[in-house]
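To start, the structure itself, in structure tokens.
We number each residue from 1, following the sequence as shown.
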Amino acid sequence: MNLNSQAQTPKFLDIVRRAIGDDWVHTADGTVSRYGETTLPGPNNPPPAVVYPGSVDEVVAIVNAANETGTQLFPISNGNNISQGSRAPVGANQIVVDLGRRMNRILDFNEEMGIATVEPGVSYQQMHDELVRRGDRFMVDVTSGPPAGSVLGNALDKGAGYTPYADHFAMTCGMEIVLGNGQRLRTGDGALETARNWHMSKYSYGPYLDGLFVQSNYGIVTQAGFWLMPKPPAIRSFAFTFDNDDDLGDIVAAIRPLRMSGFVPTMMRLCNDLWLLASETSHPSYVSGRSITDDERKDLQRAHNLGSWTVSGAFYGASDAQIAPMVERVRSHFASLGRGRYISHEEAMESPTLASAVAAYAGVPSVHEMKQLAWRPGGGMASFTPGVPMDRDLVLQSSRKSREILRSHGLEYLKMYVCGPRFARGLHHLLWNRTVEAEDRAADQAYKALAAAYTDLGLQVGRSPIRYQDFHMSLLGDATRKTCEAIKDVLDPRGIIAPGRYGIGRAATA
């Protein structure tokens with residue numbers, strides 16, 4: 001693979017200016033500095049330039065110019081992947097291709113089938129607003145991240161939400177991609193000139209190619225179809241809060257049959273105290289290098305009337321009256337544990353941190369959980385996202401290990417499990433002061449210690465910040481890595497699309 005030559009950057013930019021216009025090639029210090037910012041441990045990584053294509057033809061022109069000059073590109077959608085790397089490239093001297101600035105259109109909306117065809121810049125807020133404008137008949141599954149985040153970008157990073165449509169990649173159908181070799185590809189039935197089922201049928205003739213472009217760097221996805229959930233007339237939430245840290249295992253065991261049977265249609269959010277409360281308040285006695293004490297945690301719990309763990313979910317139906325018996329059944333189910341306090345829908349709506357969960361179940365984007373960034377000064381945030389089986393003992397064991405590791409590095413334990421029938425996405429948010437070198441170093445060490453501990457338990461992450469993607473790929477073994485590299489060599493032979501992203505290909509170093 002031909003690695004990026006910094007000396008080729010001016011030639012590349014000249015070609016791109018002629019192709020897309022000088023207004024859409026930015027090299028100003030202020031611009032590249034902003035694009036290099038992250039919330040992760042370590043230094044920022046400003047790119048040499050940022051380019052803004054406005055169409056798939058312009059993306060092809062940029063990719064062809066990169067192949068001609070051996071220039072590495074780093075495509076982004078909206079660059080709102082906070083805690084994972086934001087807009088910053090994974091390697092040195094990679095040109096950021098910001099798709100979201102100009103390619104932000106809902107290209108088609110099939111109201112009969114509930115399908116939206118979107119470009120990379122379409123955000124959750126934009127999609128929500130458009131669905132409301134069209135009569136509020138459908139809803140999009142949202143994340144806990146910024147409302148400005150990209151619907152397509154999140155799906156390509158295996159993001160997920162909370163409704164029955166929680167698996168965002170599973171809700172895509174049919175993509176358009178510009179491969180690293182400059183070829184344009186439409187997956188599934190989109191390969192047929194007269195296609196009518198491009199965004200209707202996921203499994204068309206031949207191999208299923210869409211998955212190649214999820215958490216990879218083989219091409220640039222320029223549009224995709226998304227299936228939307230019909231919006232129910234009524235949505236009612238339920239929640240239960242439990243006092244003790246070690247209640248976790250029994251809560252997970254109680255959730256599992258509700259999800260395996262499909263009785264509760266939503267994913268169930270199981271959040272610890274600080275995951276919820278860090279969005280409501282700041283560290284009560286911040287001193288660099290010292291984590292919050294258990295007594296301080298208990299004071300916060302009492303002040304906000306929440307326990308150590310709070311679980312929530314929602315039901316959908318024709319009316320509140322129709323939903324009421326289902327809520328009572330789940331209330332009786334959790335009451336059998338002999339502990340825990342029920343939180344009604346009305347009470348949840350009075351609590352900002354629980355109301356944001358209700359909004360997510362209703363497909364309404366919210367910025368609320370991003371307020372965790374203010375828990376400590378300095379703006380440090382990294383996500384560690386191991387998946388865990390819905391097993392009482394393993395969840396409790398891994399949770400205790402996480403708490404121990406983070407405390408030993410002077411950090412707080414913030415955790416949310418997003419619980420499905422057999423598997424829970426486990427989201428840790430590491431929060432620290434990036435302006436203090438010792439804290440920044442501790443955050444890096446804590447992430448690596450967590451990764452090592454979960455690897456020992458046989459558990460791997462679902463997503464990774466850019467700083468650690470190569471490390472996580474290395475854990476998967478030679479066969480996986482060699483296969484990914486072989487595909488890279490075919491679809492992107494000169495290695496120009498984000499080498500190093502997800503641990504595939506070799507990024508240039510400064």
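Using a 4.5 Å heavy-atom threshold, the side chains of L459 and P389 count as touching. When side chains are defined from C-beta on, I20 counts as touching V25, because their heavy atoms get closer than 4.5 Å. When side chains are defined from C-beta on, M381 counts as touching L431, because their heavy atoms get closer than 4.5 Å. Side-chain contact between T38 and R467: present, with at least one pair of heavy atoms (C-beta onward) separated by less than 4.5 Å. Residues P41 and W432 have side chains in contact (heavy-atom distance under 4.5 Å, counting atoms from C-beta outward). Counting heavy atoms from C-beta on, the side chains of D23 and Y52 never come closer than 4.5 Å. No side-chain heavy atom of M390 sits less than 4.5 Å from a side-chain heavy atom of P421. Looking only at side-chain heavy atoms (C-beta outward), N80 and S150 stay at 4.5 Å or farther from each other.
Applying the side chain to side chain contact (heavy atoms under 4.5 Å, CB included) rule to V367 yields the partners P147, M370; only residues at least two apart in sequence or on another chain are considered. With sequence neighbours left out, E68 forms a salt bridge (charged side-chain N to carboxylate O under 4.0 Å, His left out) with no residue at all. Taking the salt bridge (charged side-chain N to carboxylate O under 4.0 Å, His left out) definition, one finds that E280 meets it with nothing, sequence neighbours left out. Residues satisfying the side chain to side chain contact (heavy atoms under 4.5 Å, CB included) criterion with L192, sequence neighbours excluded, are T194, A195. Applying the salt bridge (charged side-chain N to carboxylate O under 4.0 Å, His left out) test to R184 and every residue at least two apart in sequence or in another chain returns D57. With sequence neighbours left out, the side chain to side chain contact (heavy atoms under 4.5 Å, CB included) criterion links P232 to M139, M229, I235, Y316. For D157, the salt bridge (charged side-chain N to carboxylate O under 4.0 Å, His left out) partners at least two apart in sequence or on another chain are R463. D129 is linked by a side chain to side chain contact (heavy atoms under 4.5 Å, CB included) to Q125, counting only residues two or more places apart in sequence or in another chain. Judged as a side-chain hydrogen bond (donor to acceptor under 3.5 Å, both in side chains), and not counting sequence neighbours, the contacts of R133 are E130.
Of all heavy-atom pairs between N181 and V490, the closest is ND2-O, 4.1 Å. Contact record, A451 with F471: CB-CE2, 3.4 Å, taken as the closest heavy-atom pair. Across all non-hydrogen atoms, the minimal contact from V264 to A314 is CG1-O, 4.1 Å.
The only member of V96, V97, V50 that meets side chain to side chain contact (heavy atoms under 4.5 Å, CB included) when paired with I76 is V96.
Within the model, atoms CZ of R186 and CH2 of W198 stand 3.5 Å from one another, a figure rounded to the nearest 0.5 Å. Put simply, OG on S83 and CG on L40 are 7.5 Å apart, with the number rounded to the nearest 0.5 Å. With rounding to the nearest 0.5 angstrom, the SG atom of C484 is 10.5 Å from the CD atom of Q215. Here the NE2 atom belonging to H199 is positioned 7.5 Å from the CG atom belonging to D108, to the nearest 0.5 angstrom. Atoms CG and OH, from L212 and Y218 in turn, are 7.0 Å apart once rounded to the nearest 0.5 Å. Put simply, OG1 on T163 and CE on M171 are 8.0 Å apart, with the number rounded to the nearest 0.5 Å.
Using a 4.0 Å cut-off between charged nitrogen and carboxylate oxygen, D470 and R506 do not count as a salt-bridge pair. A salt bridge does not link R87 with D98: every distance from a Lys NZ or Arg NE/NH1/NH2 to an Asp or Glu carboxylate oxygen is 4.0 Å or more. We find that E369 and R269 are joined by a salt bridge, their nearest charged nitrogen and carboxylate oxygen being less than 4.0 Å apart. Ion pair R17/D14 flagged as a salt bridge, since at least one NZ, NE, NH1 or NH2 atom sits closer than 4.0 Å to an Asp/Glu carboxylate oxygen.
With a 6.0 Å cutoff to the six-membered ring centre and a 45° limit on the axis angle, K202 counts as a cation-pi contact of F169. Because its NZ or CZ atom is not both nearer than 6.0 Å to the ring centre of F315 and within 45° of the ring axis, R236 does not count as a cation-pi partner of that residue.
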Worked check of side chain to side chain contact (heavy atoms under 4.5 Å, CB included) between I95 and F12: CA-CA 10 Å; I95 307 292; F12 166 81; 3.9 Å; yes
Candidate pair R501 and F74, rule side chain to side chain contact (heavy atoms under 4.5 Å, CB included), full reasoning: CA-CA 9 Å; R501 180 181 255 171; F74 191 81; 3.1 Å; yes
L152/V122 under side chain to side chain contact (heavy atoms under 4.5 Å, CB included): CA gap, chis, key distance, verdict: CA-CA 7 Å; L152 177 54; V122 174; over 6 Å; no
Worked check of side-chain hydrogen bond (donor to acceptor under 3.5 Å, both in side chains) between T222 and E176: CA-CA 6 Å; T222 55; E176 179 183 72; 2.6 Å; yes
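Using cut-offs of 30° and 60° on the angle between ring planes, the pair H168 and Y124 is tilted. Below 30°, between 30° and 60°, or above 60°: for H428 and F384 the angle between ring planes is between 30° and 60°, a tilted geometry.
In this structure, a donor-acceptor pair under 3.5 Å is present between the side chains of N44 and R434. Between the side chains of T69 and T71, at least one donor-acceptor pair of N or O atoms lies under 3.5 Å. Side-chain contact, S204 with D189: a donor N or O sits under 3.5 Å from an acceptor N or O.
Remark: the backbone N or O of G54 is not paired with any side-chain donor or acceptor of E119 at under 3.5 angstrom. In this structure a side-chain-to-backbone donor-acceptor pair under 3.5 Å is missing from T31 to T27. A distance-only check finds a donor-acceptor pair linking the side chain of R259 to the backbone of T266 [under 3.5 Å].
Sequence neighbours left out, not one pair with a member in residues 416-427 passes salt bridge (Lys or Arg N to Asp or Glu O under 4.0 Å). Counting only residues at least two apart or in different chains, salt bridge (Lys or Arg N to Asp or Glu O under 4.0 Å) contacts with residues 27-37 are absent. Applying the salt bridge (Lys or Arg N to Asp or Glu O under 4.0 Å) rule to pairs touching residues 203-224 yields nothing, sequence neighbours excluded.
Ring pair Y361/H345: centre-to-centre distance not below 6.0 Å.
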